[in-house]
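See below for the structure under consideration.
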Amino acid sequence: MAEVIPSIFSIPLHFTRPPSVHDELTTQTSVAQQDTIAECLPFLTSAEDASQSPFDFNEHGVPRLDRQGHIDFLHGSLREFPAAFVAVDASRPWMVYWALMGLYLLGEDVTCYRERVIKTFAPMQNASGGFGGGHGQYSHLAGTYAVVLSLALVGGERAYSLIDRENMWKWLGRLKKANGGFEVCEGGEVDVRGAYCAMVIIVLLNLPFELPSPIHTKVGTLSTFQQGLEDYLAKCQTLEGGISGGPGNEAHGAYAFCAIACLCLMNEPQIALRSLDLPSLLSWLSSRQYAPEGGFAGRTNKLVDGCYSHWVGGCWPLIEGFLYGPRTALNRPTDRMLRSLYSNEGLTRYILSCCQARTGGLRDKPSKSADSYHTCYTLAGLSSVQHVHFYVHQDASISSSTHPFRWRSLPLCDLVSSSAAGVYDKQDTLQPLHPLFVIPHDAAQRLRNWSEGQSTGW
Ligand code: FPP
Ligand code: ZN
Ligand code: K
């Protein structure tokens, strides 16, 4: 009797073959897209010939998370680098943040890095406020953001008190511009990265919203950090519906996250997005996810890349928070909240099938090497897929009343059956992250609590 080999994996067809509608016009862009599909398909379908693959597959034909491989890779990324890496010298705070954040998501205790982090960052702080990328470098908002988040991740009084809050506030005051935005460094470019990094720092460190005096001439008539910021960010929404780095530029996922998160740091989700055209934003965000790859691209006619699992993927929980409205802390999420506005399955398949490097770490796409930036942000995206994020009403059971601290995250697999939670295994669930600060909820809350106990009477 002929043996019938059952199809053991149920991979939906749209993740296993090129799109059925094909544009005949060939351009450099369309060739790059075809090449990317060709490069991803063998990884998306590799469960069909599992003996050729270094990974184990689950019942959905998705490779398991190589947790230990990624942990080893990230610890390795905190060791010394060869001379050629001098090019990323100004990104040292980022390299610390990406590694610590990835390790936390994978379930590691990162407090063992506390002393090293303090020792590394201490010489980077400038007496005039803020942190540079290294000793002797000008203070920059991006590096300062990574420093503050890293100190929050390792936690503890000694880490927090390294930060000179008074001079941080004064330095931020010199970065604010009359158009509502922020320079990324004194005399530097004004873009939505600056606005997001500044608001994260102000909120986590409980800095006064009033601009320090003497008020710098370049702020015009503004007197607080928030004034003009909502209008400035609204001007960054483009005719495509996405959000650009600055008014008049091209919409990009990384900037969309910065702008949306910045708006949600300023106001509760129900009103935070009032100045944006939401239907066109949703349409643009949805168009960032591709099939068969399943992952997100950063902008129109560009390629999927694992890091947009966070930059684009991280926009969705914030928009969902807006759409679902505030919950009471003990409410079970509704069925509607357990579904997602994008394809969780597609993103999970892309991250676990295409982004995991054989030797540990995660990457942009199969033809690229793993690095700690892509490892951090693909894992952040996977964590977001695995959790439901929501925003709760102010109520007596909540210690801090400040709205950015009222976001909660619950693992989907605790709320629904494993198979309804998604195409990953329960054992591959990552830690949740705070959707605005991109660090653990309790790390953010503890730094804020400590800051509330410090002086603001400068
Ligand atoms: C385009 O690169 C990328 C950008 C224009 C923005 C990059 C910014 C970030 C990733 C993060 C900024 C956020 C903070 C908090 C500092 P590309 O042309 O190489 O990539 P693409 O083809 O995918 O657009
Ligand atoms: Zn990338
Ligand atoms: K989700």
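Values below: all heavy atoms of this structure, side chains included; hydrogens, waters and symmetry mates excluded. Along the sequence shown, the residues carry numbers beginning at 1.
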Is [X] reaching over with its side chain to a backbone N or O of [Y], donor-acceptor style, under 3.5 angstrom?
X: Gln237; Y: Asp277; answer: yes
X: Ser383; Y: Leu379; answer: no
X: Ser283; Y: Pro279; answer: no

Of Lys365, Lys368, His374, which meets side chain to side chain donor-acceptor pair (under 3.5 Å) against Asp305? His374

Pick from Lys302, Arg299, His252: which one makes a side chain to side chain donor-acceptor pair (under 3.5 Å) with Tyr308?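 Answer to the side chain to side chain donor-acceptor pair (under 3.5 Å) test with Tyr308 among Lys302, Arg299, His252: His252.
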
If we only count heavy atoms from C-beta on, is the [X] to [Y] side-chain gap below 4.5 Å?
X: Glu320; Y: Val388; result: no
X: Val200; Y: Val148; result: no
X: Ile71; Y: His75; result: yes
X: Phe225; Y: Pro212; result: yes

Fit a plane to each ring of Phe257 and Tyr196, take the angle between them on a 0 to 90° scale, and name the class: parallel (under 30°), tilted (30 to 60°) or perpendicular (over 60°).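 Ring orientation, 0 to 90° scale: perpendicular.
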
Can you confirm if the NZ or CZ of Arg446 lies within 45° of the ring axis of Trp450 and under 6.0 Å from the centre of its six-membered ring? no

Ion pair check, Glu183 and Lys176, cut-off under 4.0 Å: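 No.
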
Between Tyr373 and Tyr97, is the gap from one ring center to the other below 6.0 Å? no

Tell me whether the centres of the aromatic rings in Tyr290 and Phe296 are closer together than 6.0 Å.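 Not under 6.0 Å, so no.
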
What heavy-atom pair brings Leu233 and Ala195 nearest, and what distance separates the two atoms?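 Where Leu233 meets Ala195 most closely, the heavy atoms are CD2-CB, 4.4 Å.
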
